[in-house]
Amino acid sequence: MNLLRIDQELCRTCGLCSAICVDDVFAPARPGAYPDPVNEQNCISCGHCVAICPAEAISHNRLRREKTVAFKEKRPRVAPEDMELLLRSKRSIRHFKNTPVPRDRIGKLLEIAQQAPSDTNSQDRRYIVVTDRPTLDELEERLIGYYKSLIFWMKAPVRKFLSLFTPHLMEELGKVLPDFKAVVRKHEQGEKPVFRGAPCVIFIYGSKGNLMGKDNCLTAQDYLMLQAETMGLGSCIIGYATGAPGTLAKILNIPKGMQVYSAITLGYPKYRSPRGVDRNDPVVRWI
Ligand SMILES: Cc1cc2nc3c(=O)[nH]c(=O)nc-3n(C[C@H](O)[C@H](O)[C@H](O)COP(=O)(O)O)c2cc1C
Ligand code: SF4
Ligand code: SF4
């Protein structure tokens, strides 16, 4: 396969690369011996071996060294109190300034989102960035259409009939019916209750067939939103969009076998609160 190359001129035979790999790619390390990648077929290209090497002696032909960042300190430090402040002050933003988000800023967010964990490093996720206002308005319109049809199916006689076949689903839909009605009502009053007039919406989609396809999209979503916060951008997860995956798939041309698992509005916040919020204490069992 020749995935991994060890430069014996540089290698210090420290064994760190084989020690850090959990996929048994390397033969068991022997003192003073060069690392021997005997099971390259196991490699998930996670890059831990390349990153740990103190001598830049190991390269991986699927990983571009020029795309990696060297850390000045061994462990980049964000003071815990700074991280805490960031996490406490990051709120869901639903009021945006009328300022577009520059394309290079969005590009940076996608680059950072790709740093997020994924199952066996599959990086099984793709992005769609929509900044075109007519497209966003059409998306909003079509999603409202979807919720209108759900409201219709929830009307008494139809609901009673469908409950015979899918009682649990109809019960769950019944609980959120008032929310659907409120969204449709606001839309009819001229508001934009789904994307809230945000200048940018990012969709992340992954494989339906991958048991962890959704998780892979959500880790990227969280990285993206936190990085956005550090850049003065606000964001919000839009469940009203991902709640209608079929509608999104049609408008966004999502390939068969894939599904949009994340929709995030993005823009410069109109309001910023000078205070955080109280949340429930954690419900936890210590074992
Ligand atoms: C949904 C999901 C499931 C994962 N499951 C495991 C796991 O069971 N065991 C494990 O060692 N790593 C697991 N990982 C970690 C990935 O293997 C890891 O994120 C990936 O190889 C990239 O490496 P990095 O996170 O160190 O950058 C999981 C990651 C995700 C997002
Ligand atoms: S890239 Fe990851 S899986 Fe592949 S050899 Fe290196 S540490 Fe092991
Ligand atoms: S981590 Fe680098 S220096 Fe150490 S054994 Fe592996 S290739 Fe050689």
Side-chain angles (χ1 to χ4, degrees), residues 1-78 83 87 108-127 202-227 230 237 239 242 245 257-264 287:
M1 275 178 107
N2 290 329
L3 270 187
L4 292 151
R5 207 178 69 78
I6 318 294
D7 185 332
Q8 296 192 352
E9 297 276 297
L10 298 174
C11 179
R12 302 174 195 167
T13 65
C14 66
L16 279 173
C17 52
S18 54
I20 205 166
C21 178
V22 289
D23 292 289
D24 304 323
V25 172
F26 296 91
R30 284 177 293 115
Y34 295 114
D36 188 7
V38 286
N39 292 315
E40 287 192 333
Q41 73 282 359
N42 291 353
C43 178
I44 61 169
S45 305
C46 67
H48 275 285
C49 55
V50 179
I52 196 79
C53 177
E56 298 196 1
I58 178 166
S59 53
H60 188 297
N61 74 12
R62 284 196 203 126
L63 302 170
R64 299 163 290 179
R65 186 178 292 279
E66 71 279 9
K67 290 280 190 179
T68 61
V69 171
F71 307 128
K72 283 194 201 90
E73 301 165 52
K74 196 154 191 193
R75 185 81 209 144
R77 255 189 75 74
V78 176
M83 189 67 188
L87 295 171
K108 175 55 83 178
L109 291 178
L110 300 179
E111 183 190 325
I112 298 304
Q114 276 300 85
Q115 294 288 316
S118 59
D119 76 292
T120 62
N121 195 34
S122 66
Q123 299 171 56
D124 175 17
R125 54 194 164 219
R126 301 182 198 173
Y127 306 85
I202 299 178
F203 298 92
I204 313 178
Y205 61 104
S207 304
K208 281 199 257 188
N210 180 345
L211 280 179
M212 306 214 171
K214 182 174 182 176
D215 305 72
N216 295 330
C217 294
L218 297 188
T219 54
Q221 164 189 280
D222 294 344
Y223 269 44
L224 191 154
M225 291 172 81
L226 287 174
Q227 179 71 25
T230 67
I237 296 169
T242 45
M258 302 194 91
Q259 180 170 334
V260 175
Y261 291 114
S262 166
I264 312 160
I287 295 177

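First listed ligand is number 1; within each ligand, the first listed atom is number 1. Owing to the predicted nature of the structure, the values given are computational and were not obtained by experimental measurement.
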Any non-hydrogen side-chain atom of [X] less than 4.5 Å from a side-chain atom of [Y]?
{"X": "Ser262", "Y": "Leu218", "answer": "yes"}
{"X": "Arg62", "Y": "Leu3", "answer": "yes"}
{"X": "Tyr34", "Y": "Thr13", "answer": "yes"}
{"X": "Met258", "Y": "Asp124", "answer": "yes"}
{"X": "Ile264", "Y": "Ile204", "answer": "yes"}

What do you think, any protein heavy atom under 4.0 angstrom from [atom]?
{"atom": "atom 9 (N) of ligand 1", "result": "no"}
{"atom": "atom 31 (C) of ligand 1", "result": "yes"}
{"atom": "atom 21 (O) of ligand 1", "result": "yes"}
{"atom": "atom 14 (N) of ligand 1", "result": "no"}
{"atom": "atom 2 (C) of ligand 1", "result": "yes"}

What are the two closest heavy atoms between [X] and [Y], and how far apart are they?
{"X": "Ser118", "Y": "Ser122", "result": "OG-N, 3.2 Å"}
{"X": "Leu10", "Y": "Ala57", "result": "CB-CB, 3.7 Å"}
{"X": "Tyr127", "Y": "Tyr205", "result": "N-CE2, 4.1 Å"}
{"X": "Leu16", "Y": "Pro54", "result": "CD1-CD, 4.1 Å"}

Tell me: protein heavy atom nearest [atom], and distance?
{"atom": "atom 5 (N) of ligand 1", "answer": "Met212 SD, 4.8 Å"}
{"atom": "atom 8 (Fe) of ligand 2", "answer": "Cys21 SG, 2.4 Å"}
{"atom": "atom 2 (Fe) of ligand 2", "answer": "Cys46 SG, 2.4 Å"}
{"atom": "atom 4 (Fe) of ligand 2", "answer": "Cys43 SG, 2.3 Å"}
{"atom": "atom 3 (S) of ligand 2", "answer": "Ile44 N, 3.5 Å"}
{"atom": "atom 6 (Fe) of ligand 3", "answer": "Cys17 SG, 2.4 Å"}
{"atom": "atom 16 (C) of ligand 1", "answer": "Ser118 O, 3.2 Å"}
{"atom": "atom 5 (S) of ligand 3", "answer": "Gly15 N, 3.3 Å"}

What are the atoms of ligand 3, with element, lying closer than 4.0 Å to any heavy atom of Cys11?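 Here the atoms of ligand 3 in question are 3 (S), 5 (S), 7 (S), 8 (Fe).
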Numbering the atoms of ligand 3 from 1, which are under 4.0 Å from a heavy atom of Arg12?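 Result: 3 (S), 8 (Fe).
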Any N, O or S atom of Cys14 closer than 2.8 Å to atom 8 (Fe) of ligand 3: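 False for Cys14.
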Which atoms of ligand 2 have any heavy atom of [X] under 4.0 Å away?
{"X": "Val25", "result": "5 (S), 8 (Fe)"}
{"X": "Gly47", "result": "1 (S), 2 (Fe)"}
{"X": "Asp23", "result": "3 (S)"}
{"X": "Phe26", "result": "5 (S)"}

Please confirm whether Ile20 comes under 4.0 Å of ligand 2, counting heavy atoms of the residue only.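 Contact absent.
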Contact check, Leu4 vs ligand 2, heavy-atom distance below 4.0 Å: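 Within the 4.0 Å threshold, so yes.
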Side-chain donor-acceptor pair under 3.5 Å between Gln123 and Asn121, yes or no?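 Yes.
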Hey, are Tyr261 and Gln221 close enough side-chain-wise for a donor-acceptor pair under 3.5 Å?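 Per modelled atom types, Gln221 and Tyr261 side chains form no pair under 3.5 Å.
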Taking non-hydrogen atoms only, is [X] closer than 4.0 angstrom to ligand 1 via side chain, backbone, both or neither?
{"X": "Pro117", "result": "both"}
{"X": "Asn121", "result": "both"}
{"X": "His48", "result": "side chain"}
{"X": "Val22", "result": "neither"}

Do any N/O/S atoms of Cys49 come under 2.8 Å of atom 6 (Fe) of ligand 2?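 It does: Cys49 brings an N, O or S atom closer than 2.8 Å to atom 6 (Fe) of ligand 2.
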For the [atom1] atom on [X], are there more than 12 heavy atoms of other groups (residues, nucleotides or ligands in this structure) within a distance under 6.0 Å?
{"X": "Arg30", "atom1": "CZ", "value": "no"}
{"X": "Glu56", "atom1": "CD", "value": "no"}
{"X": "Glu9", "atom1": "CD", "value": "no"}

Quick check: Asp119 and ligand 1, any N/O pair under 3.5 Å apart?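 N/O-N/O distance below 3.5 Å does not exist for this pair.
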Hey, could you give me the [atom1]/[atom2] distance between [X] and [Y], rounded to the nearest 0.5 Å?
{"X": "His48", "Y": "Cys17", "atom1": "NE2", "atom2": "SG", "answer": "13.5 Å"}
{"X": "Glu66", "Y": "Leu63", "atom1": "CD", "atom2": "CG", "answer": "10.5 Å"}
{"X": "Cys217", "Y": "Arg125", "atom1": "SG", "atom2": "CZ", "answer": "7.5 Å"}

Location of contacts on His60 toward ligand 2, heavy atoms closer than 4.0 Å: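 Under 4.0 Å from ligand 2, His60 contributes side-chain atoms alone.
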Contact atoms of ligand 1, heavy-atom distance to Asn216 under 4.0 Å: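 Taking each heavy atom of Asn216 in turn, ligand 1 has 31 (C) under 4.0 Å.
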Those atoms of ligand 1 less than 4.0 Å from some heavy atom in Ile44: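 Every atom of ligand 1 under 4.0 Å from some heavy atom of Ile44: 21 (O).
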I need the single residue from Asp222, Leu110, Ile112 that forms a side chain to side chain contact (heavy atoms under 4.5 Å, CB included) with Gln227. Which is it?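 Answer to the side chain to side chain contact (heavy atoms under 4.5 Å, CB included) test with Gln227 among Asp222, Leu110, Ile112: Ile112.
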